Structure formats: structure tokens, C-alpha cells
K.L.:
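Take a look at the following structure, please.
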Amino acid sequence: MTESDEDRADALFHALADRTRRDIMRRVLAGEHSVSVLAAKYEMSFAAVQKHVAVLEKAGLITKRRNGREQLASGDVEAVRSVASMLTELEQVWRGRIARIDELIASDTKED
């Protein structure tokens with residue numbers, strides 16, 4: 001991965017590290033929501049929810065558009081797929097390592 005890919009991965013995983021942001025993602029992937037409607041779902045200030053939305057937007061996980069006075073947020077499915085792809089790559093690395101450990105254990109057992 002290039003440095004910019006690593007920076008993107010950092011931003012994506014940072015954005016998804018927070019429970020509230022993951023919940024917001026689930027909501028906006030299901031359909032477009034105004035930020036005020038999203039904010040009404042949480043026991044925090046509107047400004048706090050706006051900050052969560054801004055982190056998700058900066059990571060490229062959601063897009064916002066204006067409709068009059070409202071800001072409407074929707075999830076970017078392709079960005080979520082890129083996160084899933086990164087996790088799949090990591091899983092393959094670890095599966096390879098575990099398979100190698102299993103091989104070493106099996107060969108050690110045969111030598112006894």
C-alpha cells in the first residue's frame with residue numbers, strides 16, 4: 001500500500017472506531033437522513049452529532065448535500081466496500097500466518 005492508501009485506511013478506521021459513528025453509518029446507508037433527524041436519535045448535542053458526521057464525511061464514508069436549510073447525509077457504499085476489502089486482506093495475511101504456524105507444529109510433532 002502507498003502512503004496515501006495508508007492515510008486513507010487510517011481515516012476510515014478512525015472514523016469507524018467510534019460506536020456513535022458506526023450507528024450513524026448504519027442509518028445513512030439505509031437511506032438519506034438530515035443531520036437534525038440523526039441528532040434527535042442521540043443523547044448528545046446537535047453540535048456533537050455534526051462533529052461525528054464531519055469525521056465520517058472527511059473519511060469519505062458519507063456525503064452531504066444541502067436541501068434548503070437542511071443538510072442531508074447519505075452513506076457511500078463504495079467506501080464501505082473498500083473497508084471490507086482492507087479487512088479481507090488483513091484476514092488473508094493472518095490466515096496465512098496461522099497456516100504456517102500449524103505447519104511448523106505438525107513438522108515439529110513428526111520429529112518427536
Side-chain angles (χ1 to χ4, degrees):
M1 286 177 84
T2 67
E3 187 69 27
S4 63
D5 289 340
E6 289 292 340
D7 291 342
R8 172 122 169 92
D10 288 348
L12 290 168
F13 287 111
H14 167 74
L16 294 172
D18 182 85
R19 178 181 300 175
T20 300
R21 290 194 288 268
R22 288 190 306 272
D23 190 62
I24 290 170
M25 278 304 301
R26 282 189 279 281
R27 292 175 191 280
V28 298
L29 283 168
E32 190 174 60
H33 292 306
S34 72
V35 176
S36 57
V37 167
L38 289 170
K41 304 284 185 190
Y42 303 101
E43 293 184 17
M44 63 181 72
S45 70
F46 177 79
V49 173
Q50 274 185 311
K51 286 180 183 178
H52 283 300
V53 169
V55 170
L56 292 166
E57 184 179 28
K58 184 176 179 184
L61 289 163
I62 67 169
T63 56
K64 285 191 321 192
R65 68 177 182 90
R66 280 218 170 272
N67 184 21
R69 293 179 55 191
E70 287 188 314
Q71 293 182 51
L72 300 173
S74 57
D76 185 332
V77 175
E78 286 305 314
V80 174
R81 284 189 182 127
S82 73
V83 172
S85 175
M86 285 181 224
L87 290 173
T88 299
E89 286 177 32
L90 291 172
E91 179 185 13
Q92 290 170 349
V93 168
W94 281 104
R95 284 187 185 276
R97 288 179 180 176
I98 291 168
R100 181 68 183 133
I101 290 169
D102 288 344
E103 289 170 10
L104 290 170
I105 291 171
S107 69
D108 191 44
T109 304
K110 289 178 186 174
E111 293 175 7
D112 288 341

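Just so it is clear, the structure is predicted and the values come from calculations on it, not from any experiment.
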K.L.:
Kindly compute the distance separating CD1 (I62) from CG (L72), expressed to the nearest 0.5 Å.
P.N.:
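Those atoms lie 11.0 Å apart.
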K.L.:
State, with a plain yes or no, whether a side-chain heavy atom of H33 is found less than 4.5 Å away from one of K41.
P.N.:
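In short, these two side chains do not touch, never coming nearer than 4.5 Å.
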K.L.:
Honestly curious: do V93 and I101 fall in one hydrophobic cluster under the side-chain, below-4.5 Å linking rule?
P.N.:
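They do not share one cluster, since no chain of ILVMFWY contacts under 4.5 Å joins V93 to I101.
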K.L.:
Are V53 and V77 connected, step by step, through hydrophobic side chains (Ile, Leu, Val, Met, Phe, Trp, Tyr) whose heavy atoms are closer than 4.5 Å?
P.N.:
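Linked within one cluster.
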K.L.:
What donor-acceptor contacts under 3.5 angstrom involve side-chain atoms of residues 7-19, with partners at least two apart or in another chain?
P.N.:
residue: R8; atom: NH1; partner: A59; partner atom: O; Å: 2.6
residue: D18; atom: OD2; partner: T20; partner atom: N; Å: 2.9
residue: D18; atom: OD2; partner: R21; partner atom: N; Å: 3.1

K.L.:
Distance from D102 atom CG to S107 atom OG, nearest 0.5 Å?
P.N.:
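That separation rounds to 11.0 Å.
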K.L.:
Any side-chain heavy atom of V28 within less than 4.5 Å of one from L38?
P.N.:
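They are in side-chain contact.
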K.L.:
For R65, I'd like to know if atom CZ has over 12 heavy atoms of other residues, nucleotides or ligands within 6.0 Å.
P.N.:
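Counting neighbours around CZ of R65, more than 12 heavy atoms of other residues, nucleotides or ligands fall under 6.0 Å, so yes.
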K.L.:
What's the separation between atom NZ in K51 and atom CE in M44, rounded to the nearest 0.5 Å?
P.N.:
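If we round to the nearest 0.5 Å, K51:NZ and M44:CE are 11.5 Å apart.
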K.L.:
Once rounded to the nearest 0.5 Å, what's the spacing between atom CZ of R100 and atom CZ of R97?
P.N.:
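Nearest 0.5 Å value for the CZ-CZ distance: 13.0 Å.
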K.L.:
What about L29 and V55, same hydrophobic cluster or not, with Ile/Leu/Val/Met/Phe/Trp/Tyr joined at side-chain heavy-atom distances under 4.5 Å?
P.N.:
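Cluster IDs for L29 and V55 differ.
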K.L.:
Could you pull out every donor-acceptor pair under 3.5 Å between side chains of residues 80-87 and any protein atom, sequence neighbours left out?
P.N.:
residue: R81; atom: NH1; partner: E78; partner atom: OE2; Å: 2.6
residue: S82; atom: OG; partner: A79; partner atom: O; Å: 2.6

K.L.:
Report yes or no: do M25 and V37 belong to one cluster of Ile/Leu/Val/Met/Phe/Trp/Tyr joined by side chain heavy-atom distances under 4.5 Å?
P.N.:
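No, M25 does not connect to V37 through the hydrophobic network.
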